Every structure is written in C-alpha cells, then in structure tokens.
Amino acid sequence: MKNKLLISLLALLMPLVSHAAIINVYFAGGQSNATEEWRDGIIEQLHEKDPSAVVVWATHGGTALHEWYTGYEYEETIGRQSLYLKDFYNPDLSETGLLETAFHDLTEQGDTPVLSGLFWFQGETDQYIEESHVDDRYYHDFLAFRDAIKEDFKAPNLPVSLAVVYEGPRGGPVRPGLQSIRDQQFALGLLPDIFAYDTIDLERYTDYNIYLTNEVARQTGREMVMGLPVAIPEVSSLGLLLSGCFVVIYWRFR
C-alpha cells in the first residue's frame with residue numbers, strides 16, 4: 001500500500017517537475033572595468049557547461065564599496081546602501097533590485113532560481129577612501145556585503161570570483177593606497193569560497209592604464225568563471241524524494 005501511495009505521489013509530481021527547471025543565476029558587477037566584454041566572457045564560459053545559466057550584470061564607474069555596503073559610519077546608515085538596493089535587493093520596495101527582479105521573473109515563469117555565484121570587479125576607487133585602509137576595512141566590509149547577499153537570496157554557500165584590481169603600467173609599480181586594497185583582496189582569496197584573480201599583468205589601454213582592452217576583458221571574464229569555487233548545495237528531504245524523477249547537475253567550472 002505504501003509503495004502504491006509513493007508511486008501515486010510521484011505520478012502527481014512528475015508534470016510539475018517536467019515543466020519546471022532549476023536555473024543557476026549569477027551576478028556580475030562592480031566598477032567601470034566590469035564591462036560588457038567582461039560580462040560576455042562570463043556568459044560564454046558559463047554557457048559552455050550550462051546553457052540555461054542567467055547572468056545579471058551591473059556596472060557603476062568610480063564607485064567605492066561603501067556605496068553598496070558599509071560597516072562604518074561613512075554614510076548615515078550602516079549596512080546596505082543605495083547601490084545594493086538598486087543592484088540586489090530592496091526590502092522596502094519588492095521586486096525593485098535588479099537581481100531580485102530577475103528572481104521574480106524566473107519564479108513567475110515556473111522555474112526555481114538559485115544564486116550560484118558572484119563575479120566582482122571593483123576596488124580601484126577605494127584606494128582614495130581613507131577608511132578603506134583602516135583595520136582592513138575593505139576586507140571586512142566585502143565579507144559583510146557578501147553575507148548580506150547570501151541572506152537576501154538564501155544562498156548560504158555562495159561562491160565568489162573576485163578581480164584583484166590594478167591601475168598603472170603593466171606589471172607595476174603599485175601605489176601604496178592601491179596596494180592596500182590589493183592586499184585585502186588577496187587576503188579574501190585565501191578563503192575557501194573566494195577566488196582572487198590578479199589583473200596586474202593584463203593588457204590595458206595605454207592612454208589611461210586603467211581599462212582592460214576588450215579582448216583581455218572578455219578572457220578575464222572566462223578565467224574568472226573557471227576559477228569560481230564550487231559550492232556544496234544543501235539538499236532538502238523533498239529534493240531527495242524528487243531525485244528519483246530528475247537529475248540536478250552542479251557544474252564544476254575548471
């Protein structure tokens with residue numbers, strides 16, 4: 001009798017499962033080096049393994065980390081700031097954050113979105129922010145920023161691929177303020193769920209020595225996908241039950 005009930009339950013669930021999909025969603029963003037070419041490289045590399053992956057992209061030139069999140073009293077409030085509310089999640093106005101809107105749209109079409117990775121290219125402006133260098137403030141604020149994303153999108157194992165920023169002639173030298181940010185980003189890369197990708201030796205346009213060339217930006221996006229740490233998913237009892245009906249694949253981008 002129990003077997004018949006289980007078979008009946010699975011038969012009822014099968015139509016629902018067959019029309020729904022788990023969609024891996026990724027956020028790619030940061031400052032002006034988070035270009036369309038960089039984003040396109042990320043998309044191309046992701047789609048080689050997962051053609052249904054969705055990338056949500058935002059770029060804001062000349063912005064310091066505290067414009068997304070701050071743990072010190074640089075702004076009137078501590079925590080999520082205006083760009084976080086715009087790019088990610090706004091608890092006061094539903095479906096207004098860019099990533100939040102993408103999740104809503106996927107859910108409305110019957111799919112299950114899962115935040116599977118964060119690609120971040122930002123930090124050049126923080127070299128000029130005095131507070132970013134005090135007590136490794138950039139390091140701690142970035143972790144709090146990432147943890148806020150984890151909380152808002154129920155992604156406790158969110159992996160991060162982080163560009164270690166640079167400005168100047170290819171290969172160095174590095175200004176002291178910028179070296180402080182680079183050191184903090186390298187320290188973030190020592191954590192098991194964060195990959196740090198150094199950009200110091202990459203080709204830039206020589207008139208500014210800031211912006212990556214289009215071809216290099218695209219390749220940087222690809223390599224940041226290949227370095228993305230692999231998250232270990234949490235499996236619910238319902239997921240174990242339904243695993244007999246369909247297969248969920250978690251890709252390793254290496």
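Only this structure's heavy atoms are used, side chains among them; waters, hydrogens and symmetry mates stay out. Computed from a prediction, not measured in an experiment: that's the story for all the values here.
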Checklist entry - Can you list the residues that meet the ring-ring contact (aromatic ring centres under 6.0 Å, His included) rule with His133, with sequence neighbours excluded? => result none
Checklist outcome for this item: From the list Tyr139, Tyr138, Trp120, ring-ring contact (aromatic ring centres under 6.0 Å, His included) with Phe145 holds only for Trp120
Item to check | Passing candidate, ring-ring contact (aromatic ring centres under 6.0 Å, His included) with Phe27, options Phe88, Trp57, Phe119, Tyr84 | outcome: Phe88
Checklist entry - Nearest 0.5 Å, what's the CG-CG distance between Leu143 and Leu191? => result 6.0 Å
Item to check | Listed partners of Asp105 passing side chain to side chain donor-acceptor pair (under 3.5 Å), at least two apart | outcome: none
Next on the checklist: Would you say Asn33 and Thr35 are linked by a side-chain donor-acceptor pair, where the criterion is simply a distance under 3.5 Å?
Outcome noted: no
Checklist entry - Should Ile200 and Leu212 be counted in the same cluster of Ile, Leu, Val, Met, Phe, Trp and Tyr side chains packed under 4.5 Å apart? => result yes
Next on the checklist: Working to the nearest 0.5 angstrom, can you tell me the gap between Asn90 CG and Thr96 OG1?
Outcome noted: 4.0 Å
Checklist entry - Taking atom OG of Ser116 and atom CG of Leu228, what is their separation to the nearest 0.5 Å? => result 9.0 Å
Checklist entry - Less than 4.5 Å apart, any side-chain heavy atom of Tyr26 and any of Val56? => result no
Checklist entry - Is the count of non-hydrogen atoms from other residues, nucleotides or ligands lying under 6.0 Å from Lys86 atom NZ greater than 12? => result no
Next on the checklist: Contact between Gln127 and Arg175 at the side-chain level, heavy atoms closer than 4.5 Å - yes or no?
Outcome noted: yes
Checklist entry - With no hydrogens and no angle check, do the side chains of Gln219 and Glu215 hold a donor and an acceptor under 3.5 Å apart? => result no
Checklist entry - Mind checking what makes ring-ring contact (aromatic ring centres under 6.0 Å, His included) contact with Phe121, not counting sequence neighbours? => result Trp38
Next on the checklist: If the condition is ring-ring contact (aromatic ring centres under 6.0 Å, His included), which residues does Tyr197 pass it with, not counting sequence neighbours?
Outcome noted: none
Checklist entry - Can you list the residues that meet the side chain to side chain donor-acceptor pair (under 3.5 Å) rule with Asp87, with sequence neighbours excluded? => result His60, Trp68
Checklist entry - Just by distance, with hydrogens left out, do Thr70 and Arg137 show a side-chain donor and acceptor under 3.5 Å apart? => result no
Next on the checklist: Among residues at least two apart in sequence or on other chains, which ones pass ring-ring contact (aromatic ring centres under 6.0 Å, His included) with Phe103?
Outcome noted: Phe153
Checklist outcome for this item: Here the pair of heavy atoms bringing Ile23 nearest to Leu106 is CG2-CD1, 4.1 Å
Checklist entry - Should Glu44 and Arg218 count as an ion pair when the cut-off is N to O under 4.0 Å? => result yes
Checklist entry - Is there a donor in the side chain of Gln31 and an acceptor in the side chain of Thr59, or the other way round, less than 3.5 Å apart? => result no
Next on the checklist: Whether Glu48 and Arg222 form a salt bridge (side-chain N of Lys/Arg under 4.0 Å from carboxylate O of Asp/Glu) is what I want to check.
Outcome noted: yes
Item to check | Atom CG of Asp201 with >12 non-hydrogen neighbours under 6.0 angstrom | outcome: yes
